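Reviewing the structure listed below.
Predicted model only: the values in this text are computed from it and were never measured.
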Amino acid sequence: MSNIILGRKLGMTQVWSDDDRLIPVTVIQAGPCAVTQIKTVDKEGYEAIQIGFDTIKKQKKVNKPTKGHFEKSGVAPTKVLREVHVASGTDYELGQQITVDFLADVKKVDVTGISKGKGFAGVMKRHNYGGGPGGHGAHFHRAPGSIGQCATPSRVFKGMRLPGHMGVDRVTVKNLEVIKVDSEQNLLLVKGAVPGGKGALVSVRTA
């Protein structure tokens, strides 16, 4: 079975543990994902499967090439398609459903998503710079300070941490503890926070 499943972040809440402790959890709608394509070494040169998530409700908006691709696997067109490398593509069938059940006995997972966009940010917010004195007499508060050299080599090195666009990065949070798996509602509860806002697409794989 594939060790990855697609889902959407529904939000955060808290649950009680067996020893009466409040645990902050993120609720993820994980799957079901359908196998829409199988790739093998003989044909494509590598082993992988393509999985689809989140069925498109208005099928009129699907163009003919996309509709034909999904008809081969007998699956309704989905909003999201992802390719997953597997040990052997022959272990899967077109139209096979991947559900959250395979995480029932898993203790730790890695969650990947796109972080929230923060727009243009300064060095104190973006890179955790210390800044200058906060008093009225100072003329240096939130600026980055000196970023180069005087005579040698008289330039700014590549990779210098400066103000710029913050967020909207691919972030992976590793080793999150699985608190609960709800097979009936396709829900996964993991301890702590995961990247992205409410409704953000995430991928969950076994750690």
Nearest heavy atoms of T78 and V80, plus distance in Å: OG1-O, 3.1 Å

Common cluster, F53/L94, ILVMFWY with side-chain heavy-atom separation under 4.5 Å: yes

Heavy-atom donor-acceptor pair, Y129 side chain to G122 backbone, under 3.5 Å: no

Sub-4.5 Å side-chain heavy-atom contact between P195 and V202: no

Flag if over 12 foreign heavy atoms under 6.0 Å of CD, E93: no

Hydrophobic cluster membership, V15 vs L10, 4.5 Å side-chain cutoff: yes

Derivation of the side chain to side chain contact (heavy atoms under 4.5 Å, CB included) call for R170 and I114: CA-CA 5 Å; R170 190 173 187 267; I114 304 298; 4.2 Å; yes

Steps toward side chain to side chain contact (heavy atoms under 4.5 Å, CB included) verdict (V100, L187): CA-CA 7 Å; V100 73; L187 295 180; over 6 Å; no

Summary of salt bridge (Lys or Arg N to Asp or Glu O under 4.0 Å) pairs that have at least one residue in residues 99-120, sequence neighbours excluded: none

Residues S88 and E47: side-chain donor-acceptor under 3.5 angstrom: no

Donor-acceptor pair, side chain of H141 and main chain of G131, under 3.5 angstrom: no

Same apolar cluster (I L V M F W Y, side chains within < 4.5 Å links), V111/V27: no

Sole residue of R205, H85, R82 in side chain to side chain contact (heavy atoms under 4.5 Å, CB included) with I4: R205

Flag, side chain of S115 to backbone of V168, donor-acceptor distance under 3.5 Å: yes

Residue pairs involving residues 161-190 (criterion ring-ring contact (aromatic ring centres under 6.0 Å, His included); sequence neighbours excluded): none

Verdict with supporting geometry, I98 and I51, side chain to side chain contact (heavy atoms under 4.5 Å, CB included): CA-CA 9 Å; I98 299 174; I51 58 177; 3.8 Å; yes

Transitive ILVMFWY side-chain link V25 to L103, under 4.5 Å: no

Under 3.5 Å: donor-acceptor pair, side chain of T36, backbone of F70: no

Straight-line distance of R155 CZ to M160 CE, nearest 0.5 Å: 10.5 Å

Nearest-0.5 Å distance that lies between atom CD1 in I179 and atom CD1 in I23: 4.5 Å

R126 side chain to L162 backbone, donor-acceptor under 3.5 Å: yes

Between OG1 on residue T13 and CG on residue L189, distance to nearest 0.5 Å: 8.0 Å

Under 3.5 Å side-chain donor-acceptor pair for S17 and D19: yes

Point-to-point distance, once rounded to the nearest 0.5 Å, from OG1 of T26 to NZ of K9: 5.5 Å

Residue pair A143 / F140: nearest heavy atoms and the distance that separates them: O-CE1, 3.1 Å

Approximate separation, where rounding is to 0.5 Å, of I49 CD1 and K39 NZ: 11.5 Å

Verify same cluster id: L201, V190 (apolar side-chain graph, 4.5 Å): yes

Euclidean distance, H69 NE2 relative to N63 CG, rounded to 0.5 Å: 11.5 Å

